[in-house]
Amino acid sequence: MSARVATTCPYCGVGCGVLAGVDAAGAVDVAGDPRHPSNRGRLCVKGAALGETTDLRGRLLHPRMRGADGGMHQASWDAALDRVASGFRRVVDEHGPDAVAFYVSGQLLTEDYYVVNKLAKGYLGTANVDTNSRLCMSSAVAAHRRAFGEDLVPGCYEDLEQAELVVLVGSNTAWCHPVVFQRIVKAREGGAKLVAIDPRLTATGESADLHLPLRPGTDAWLFNGLLMFLFQHGVMDVGFVDAHTRGLNAALAAAGADAGDPAQVARICGVQLADLLAFYRLFARHERVVTVFSQGVNQSSSGTDKANAIINCHLIAGRLGRPGTGPFSLTGQPNAMGGREVGGLANMLAAHMELDDPVHRAIVQGYWSSPRIAAKPGLKAVALFDAVLEGKVRALWIMGTNPVVSLPDADRARRALEGCELVVCSDIVERTDTTAHAHVLLPALGWGEKDGTVTSSERRISRQRPFLPAPGEARADWSIVCEVARRLGFADGFRFEGPRDIFVEHAGLTAWRNQAPGGDGMPAARRLLHLGALASLTPAAYDALEPVQWPLRADGTGTARLFADRSFAHAAGRARFVAVSARAPGNAVEREYPLALNTGRVRDQWHTMTRTGKSPRLAVYASEPFVDMHPHDALRSGVREGELARVRSRWGSMVARVRHGGGILAGTAFAPIHWNGQFASDARVGGLVNPVLDPVSGQPEFKHTPVRVEPFPVRWYGCAFSRDDLPAAPLDYWTAIRGERFLRYEIAHREWPRDCGAWARAWLGAHAADADWLEHADRDAGVYRAVRLAQGRIEACVFLSARPALPPRPWLAGLFARDRLEEADRAALLAGEPPGGDVDPGPVVCACFGVGRNTIREAIRAGTLDTPSQVTAALRAGGNCGSCIPELRRLVTEAHAGSDT
Ligand code: SF4
């Protein structure tokens with residue numbers, strides 16, 4: 001084993017420390033870093049499976065360029081960089097700087113982000129630099145700036161452990177930020193109360209003392225109502241409000257207009273009055289309250305107002321800046337925060353300065369000694385792709401993100417790229433729905449190879465350190481950008497030798513002119529973002545940098561909590577209440593589209609699966625795209641659980657498996673965001689999401705798209721397993737995921753093959769000389785089964801059936817672990833069910849130890865287990881990352897209630 005390197009997980013904004021190395025066999029080994037303050041050694045299942053995602057399968061290893069024949073061809077770095085630079089130069093010369101744009105990612109490191117912003121805003125002269133972080137947390141940014149005068153997250157994770165009450169709003173923390181959730185659970189075990197506010201009863205809500213299943217989009221009424229309740233009941237820190245805030249009266253007037261009466265609020269929000277009042281009283285009664293909010297608040301056409309409605313409640317009660325208090329925005333991506341710090345949004349400058357402030361522009365331009373500075377905010381994500389479609393933006397460089405999957409109205413984004421003069425993609429993956437439209441592909445370094453810093457949700461800067469060699473010709477994103485900048489004639493501003501040089505320049509800018517205007521006549525801008533103590537880091541000190549929370553004091557120590565001094569970043573030092581007039585989602589459900597579609601993550605996948613899709617362990621929990629519906633809505637829509645359905649909106653459609661049981665309200669539906677053209681035939685949920693935006697933040701409304709669900713009629717359903725990739729087959733429905741020793745395909749089609757045997761042999765490659773072919777066909781029963789063996793070992797199998805019921809997949813998966821199948825196994829395969837005595841373990845609940853639902857139910861029943869920890873003691877399930885503990889709790893509860901549904 002090579003020495004383990006201390007680095008940081010590349011997935012969610014929790015920012016867990018990881019110890020990673022390579023063992024003698026070349027396998028990547030990861031463990032939680034017990035010294036990292038964010039996770040203290042814990043990892044969730046995604047972090048624990050990182051070692052399964054670093055292989056080079058599917059990696060983009062060499063630059064590629066589209067040739068005159070329309071195909072992509074390998075190219076030299078010089079040729080690719082020259083083409084990017086000359087293309088950008090030509091477009092800027094002919095159409096001006098705003099005809100070029102960059103669309104980047106919260107996956108980039110701070111150093112990568114910094115140089116992109118510097119190139120665009122300081123050298124090309126355009127602020128057309130936006131990021132996929134626009135899609136997940138830009139409403140929180142806007143709300144922070146309105147309330148505090150700067151994009152500042154007041155608290156830290158320790159506050160969650162010190163709170164008496166934790167309120168989770170629009171945040172399935174148990175799945176999306178699991179390690180933070182484990183800290184909350186621990187606090188709850190110590191006596192803290194937990195309230196979950198979410199239209200769905202998620203794993204998070206199941207763990208709460210109180211779940212408020214509010215009607216989608218009504219959060220602002222709920223928190224305006226809370227503001228009024230606190231005011232009416234005298235729960236107000238008068239000294240704080242008088243001395244350190246402004247705007248309360250206007251906020252109360254706006255809130256009182258339609259949220260002054262709890263009964264009315266309960267009606268609007270669709271919750272029981274008693275539950276609403278129970279929440280209001282809990283909030284009023286407990287001094288130490290943290291309100292965590294996430295995408296359920298942000299991804300809304302009124303996301304900024306919703307976030308401010310939450311912050312208003314903390315301001316009136318003076319509950320921030322002290323241990324165990326504060327509003328707390330959890331970020332979705334590993335470095336959304338770092339991107340914000342260097343101006344990674346089209347409406348911001350670097351180091352928390354404002355694009356539309358001439359003083360700030362002069363400070364940044366002076367620090368950079370740059371030839372120009374963008375004079376106005378650039379295009380935010382959705383508007384940026386609209387401008388590409390309209391031909392206003394003619395050259396676009398996309399870095400580390402997959403907008404053809406992830407943007408709302410994603411088919412429009414695809415059309416935009418199809419017509420764009422120059423599309424450049426820097427990525428680690430060669431084939432994505434987005435790279436398919438590139439003219440130039442630039443291979444970037446991935447996690448384990450990259451070197452730099454990220455900032456977590458609690459403002460903690462941590463190092464990502466390399467422990468793997470750069471594969472092929474891949475290069476760091478910062479280095480690629482600097483090479484293009486030099487070719488554009490801007491060498492002076494981009495003479496960086498490594499990420500440390502960039503980081504110290506960034507740290508220096510946060511301290512530059514960061515004070516009240518002084519006597520030297522030079523402009524100044526006070527910001528709380530201050531990394532001055534890191535501006536002179538030596539290379540060795542940068543390498544050794546320990547996790548630290550900004551702002552930094554002169555001695556280099558960090559700051560866990562902001563606003564202890566009651567001083568805010570607005571000019572007068574006061575925080576501001578924001579008057580929030582609650583409003584409904586941008587598009588209402590209607591007769592033709594009667595369901596409100598919510599989108600989000602599933603427990604074990606990440607974004608568009610380009611990395612987590614490689615991990616067999618992560619594939620088992622949710623192995624197909626699905627649409628979760630209330631049974632009544634399914635009945636009304638003419639679809640049944642387990643069958644396929646088309647989900648259709650005014651913007652597009654997708655096909656997914658119908659599911660119940662996701663704790664969903666009638667009139668709503670839920671579909672995950674992850675599936676795309678590499679993993680499924682037609683499951684890009686972005687294609688049907690409405691492109692309605694928050695007018696302040698520009699964040700799209702991913703949580704509320706009017707849709708209808710229709711049957712997707714097929715003649716047969718099927719599944720196939722194969723040790724080797726199977727060729728693409730012209731099927732009406734397919735999904736493909738990777739298992740430990742196989743690929744698993746779920747398939748369906750509108751017509752039976754004319755000759756099932758011939759079709760199956762051709763698809764499974766049963767022409768090999770040593771192939772042993774078994775098959776069973778019963779056309780009357782609508783059944784076909786076939787197995788290909790080689791030297792007694794199963795190589796591939798396929799099962800077709802007129803009904804969705806097919807053999808248990810865990811059983812089939814288990815057969816691929818054997819060197820040889822026995823006669824009983826062969827017979828069972830042809831019969832389509834496990835041999836007698838083999839218990840189907842059921843769908844996997846604990847991905848870390850591969851424990852299935854049926855196994856857990858049986859253990860609970862046989863062992864009369866009463867708690868999740870007893871289940872863990874018996875089966876190990878839940879004993880590693882803890883992500884499945886809420887589901888263990890539900891299984892225990894169900895068993896004790898005598899239900900096995
Ligand atoms: Fe990574 Fe999981 Fe930690 Fe998030 S909670 S940073 S995904 S290990």
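Whatever order the structure lists them in is the order used to number ligands and atoms, beginning at 1. Sequential numbering from 1 along the given sequence is applied to the chain's residues.
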Novice: Just to verify, what does Thr559 make a side chain to side chain donor-acceptor pair (under 3.5 Å) with, not counting sequence neighbours?
Specialist: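 Thr559 satisfies side chain to side chain donor-acceptor pair (under 3.5 Å) with no residue once adjacent residues are dropped.
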Novice: Taking side chain to side chain donor-acceptor pair (under 3.5 Å) as the test, write out the residues that go with Gln678, two or more places apart.
Specialist: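 Gln678 satisfies side chain to side chain donor-acceptor pair (under 3.5 Å) with no other residue.
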Novice: Which of the protein's N, O or S atoms come within less than 2.8 Å of atom 1 (Fe) of ligand 1, not counting waters?
Specialist: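 Near atom 1 (Fe) of ligand 1, the protein supplies Cys9 SG.
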Novice: Taking Thr432 as the fixed residue, which of Val404, Asn676, Thr610 is the one that meets the side-chain contact (heavy atoms from CB on, under 4.5 Å) rule?
Specialist: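 So the option named by the test is Thr610.
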Novice: Quick one: salt bridge (Lys or Arg N to Asp or Glu O under 4.0 Å) pairs with a partner in residues 166-186, sequence neighbours left out?
Specialist: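 Residue pairs with at least one partner in residues 166-186: Glu161-Arg183.
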Novice: Can a donor-acceptor pair be found between the side chains of Glu341 and Thr455 at a distance below 3.5 Å?
Specialist: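 Side-chain D/A pair, Glu341 to Thr455: present.
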Novice: Classify the ring geometry of Tyr542 against Phe503: parallel below 30°, tilted from 30° to 60°, perpendicular beyond 60°.
Specialist: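 Because their plane-to-plane angle lies in the 30° to 60° range, the rings of Tyr542 and Phe503 count as tilted.
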